[in-house]
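Chain identifiers are assigned alphabetically (A, B, ...) following the order of the sequence lines, protein sequences preceding nucleic acid strands; residue numbering begins at 1 within each chain.
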Amino acid sequence: MEEIADQFRLRVYEVVAQIPRGRVMTYGQIAALCGSPRAARIVGGVAHFGDPDLPWQRVVKKDVSLAEGYPGGITGHQRQLEAEGVAMVQGKVNMAVHAWKPSP
DNA sequence: CGAGTGACCGCAA
DNA sequence: ATTGCGGCCACTC
């Protein structure tokens, strides 16, 4: 089961794909889970050039604010999160409710 | 193969 | 509290 590819980006795919509905995660958190806590930018780069079918909308910045490169802008991104069941206030996600920790 | 760059993060003024 | 700057790592051209 650990025979996944060595590529950092493929690990990001696994993590993002495992984020359940109604939960959000930060780029830095995902990067840390992938083995590089300082590669948060890479997660964003992978998000842009990676698999468009993955729920990148559940991935937010550490300030729980939304990314700017998302198609449609913050507005489109925010609307997608609400469609997932994530309540937002002033463009911010309630981490106390939606903060998710990956399963071991 | 080399260089540039980014859907970021952390700190300093 | 806000604003600006650098650094970092992996991906794309």
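For residues 17-40 of chain A, there are no side chain to side chain donor-acceptor pair (under 3.5 Å) pairs, not counting sequence neighbours. Within the structure, no pair that satisfies the salt bridge (charged side-chain N to carboxylate O under 4.0 Å, His left out) test touches residues 67-83 of chain A, not counting sequence neighbours.
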Give every donor-acceptor pair under 3.5 Å between a side-chain atom in residues 86-104 of chain A and any protein atom, sequence neighbours left out.
residue	atom	partner	partner atom	Å
A/Asn94	OD1	A/Ala96	N	3.1
A/His98	ND1	A/Gly22	O	2.8
A/His98	NE2	A/Ala87	N	3.3

Donor-acceptor contacts under 3.5 Å from residues 41-59 of chain A side chains, at least two apart:
residue	atom	partner	partner atom	Å
A/Asp51	OD1	A/Asp53	N	2.7
A/Trp56	NE1	A/Asp51	O	2.7
A/Gln57	OE1	A/Tyr70	OH	3.2
A/Arg58	NE	A/Glu84	OE1	3.2
A/Arg58	NH1	A/Ile19	O	2.7
A/Arg58	NH2	A/Glu84	OE1	2.5

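With a heavy-atom cut-off of 4.0 Å to chain A, the contacted part of DNA chain C has its first and last nucleotide at C/dG7 to C/dT12.
Atom-to-atom distance recorded for A/Glu14:CD and A/Cys34:SG is 9.5 Å, nearest 0.5 angstrom.
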- Task: Output, in order, the C-alpha distance, side-chain angles, deciding distance and verdict of side-chain contact (heavy atoms from CB on, under 4.5 Å) for A/Ile30 and A/Val16.
- Result: CA-CA 8 Å; A/Ile30 294 170; A/Val16 176; 4.1 Å; yes
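Grouping the Ile, Leu, Val, Met, Phe, Trp and Tyr side chains by contacts below 4.5 angstrom, directly or via other members, places A/Ile74 apart from A/Met25.
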- Counting primed atoms, P, OP1 and OP2 as sugar-phosphate and everything else as base, the B/S/- map of nucleotides 1-13 of chain B against protein heavy atoms under 4.0 Å is -----BBBSS---
